[in-house]
S.K.: 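I am attaching a structure below and will ask some questions about it afterwards.
Lettering of chains follows the sequences in order, A, B, ..., and the numbering in each one begins at 1. Note that the coordinates shown come from a computational prediction; the quantities given were computed from them, not determined experimentally.
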Protein chains: 2
Amino acid sequence: MAPLQLDRLDGTAFATDPGLLLARANADSIAATNRALAEFGLRVRSYAVLAAAASAIRPTQRELAEFLRLDPSQVVALVDDLERRGLVRREVDPADRRVNAIVATEEGASLSTLASTAVTEAREHRLAALTSEELATLTELLARVVHARPAE
Amino acid sequence: MAPLQLDRLDGTAFATDPGLLLARANADSIAATNRALAEFGLRVRSYAVLAAAASAIRPTQRELAEFLRLDPSQVVALVDDLERRGLVRREVDPADRRVNAIVATEEGASLSTLASTAVTEAREHRLAALTSEELATLTELLARVVHARPAE
DNA sequence: TATTGTTATACTCTATAACTATA
DNA sequence: TATAGTTATAGAGTATAACAATA
């Protein structure tokens, strides 16, 4: 049988550039995840906001922006959309009336659960090349990188 | 001294979602890399094309699109820009005149070298939380994921 | 004064389809 | 017929600044 012909470019030095690998892996991840989310009317970013809203932690819009690497104004648009669809609510903090906690409605919470299952399945298919130990290692290293973000 | 206050959202279940971690790490990576590339008039994507063109491998536009997860039409625009600036050339393949090999000019090659140094420095700063062994592990796992991309 | 959320705007990136020239 | 590259266009995502309400 014919030998597996890997991409010629994968042999070059810059093919091991971590930033480039990150970008390629992320592009694949977004494409596959958006496909998995399409049936729920969600995309990667709206799903992330919904999942955060469905947690017990009652994130503020500011926290969502920081956590998801979004500008606060982008969070406004995402929350507007989810709120119009009855999936999340803005709850004004009585102690500081500038602040909105974003919480999932009952409908939003169950949609989040369904979507989460689909996302997990798509990921397992996509990351089948890794053992579960390797996936755990990858996840832990990425978490360290993300948490250690330098100030500037 | 005050305890380190991690992001509240980092305690939630979806904070360990590999896709989300990938997206957050990539957002940080793109932002930091674009800052490092600004003085060269490059951005992440144009740098990637230039670096590929500066390799010995003479990539075609099709290969660049596949490798960088770009649509072929996006490669046209990126190469147009680099070509206008005298950094790369399109060389028609005499054996198949539909195909262009993208090769760096002398000026493009030296800019690529300078930019590569800046990108590496920015990365070392950004990934200082990882040991070099951990970085090697992260790189290898990402490469496996990227190469194993399922058909659909 | 500083911060949260909001509006407005422009720019970059991505996705799709149709076209041409070669094969 | 099929493939490499191109053009055109629309949509999604990102970046910036200015503003109102609240602290």
S.K.: Looking at A:R43, I'd like to know whether one of its side-chain N or O atoms comes within less than 4.0 Å of OP1 or OP2 on D:dG13.
M.R.: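 Result: yes.
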
S.K.: Rounded to whole Å, how long is the line connecting atom CG of A:L68 with atom P of D:dG13?
M.R.: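 Whole-Å distance recorded here is 13 Å.
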
S.K.: Using chain B heavy atoms and a threshold of under 4.0 Å, write down where along DNA chain C the contacts begin and end, 5' to 3'.
M.R.: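 Going 5' to 3' along DNA chain C, contacts run C:dT12 to C:dA23.
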
S.K.: Quick one: A:L78 CG to D:dT14 P, roughly how many Å, whole number?
M.R.: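 Nearest whole value for this atom pair: 10 Å.
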
S.K.: Does A:R97 put a side-chain nitrogen or oxygen below 4.0 Å from OP1 or OP2 of D:dT22?
M.R.: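 It does, given that an N or O in the side chain of A:R97 lies less than 4.0 Å from OP1 or OP2 of D:dT22.
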
S.K.: Should A:R45 be listed as having a side-chain N or O under 4.0 Å from OP1 or OP2 of D:dT14?
M.R.: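 So the side-chain polar atoms of A:R45 do come within 4.0 Å of the phosphate oxygens OP1 or OP2 of D:dT14, strictly under.
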
S.K.: Looking at A:E66 and A:R62, is any side-chain nitrogen of the basic one under 4.0 Å from a carboxylate oxygen of the acidic one?
M.R.: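 No, A:R62 and A:E66 are not salt-bridged.
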
S.K.: Does this structure show an ion pair linking B:E107 with B:R85, if we count only N-O contacts that are shorter than 4.0 Å?
M.R.: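 No salt bridge links B:E107 with B:R85.
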
S.K.: Does B:R98 place a side-chain N or O at less than 4.0 Å from the phosphate oxygens OP1/OP2 of D:dG5?
M.R.: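 For D:dG5, OP1/OP2 do not have a side-chain N/O of B:R98 under 4.0 Å.
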
S.K.: Mapping A:A95 and A:D71 to their closest nucleotides on DNA chain D, which lands nearer the 5' end?
M.R.: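 This one resolves to A:D71.
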
S.K.: Using a 4.0 Å heavy-atom cut-off, does A:R69 contact any base of the nucleic acid, only the sugar-phosphate backbone, or nothing at all?
M.R.: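 A:R69: no heavy atom of the nucleic acid under 4.0 Å.
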
S.K.: Let me know the distance between CD of A:Q74 and C1' of D:dG11, rounded to the nearest Å.
M.R.: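 It is 15 Å, rounded to the nearest whole Å.
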
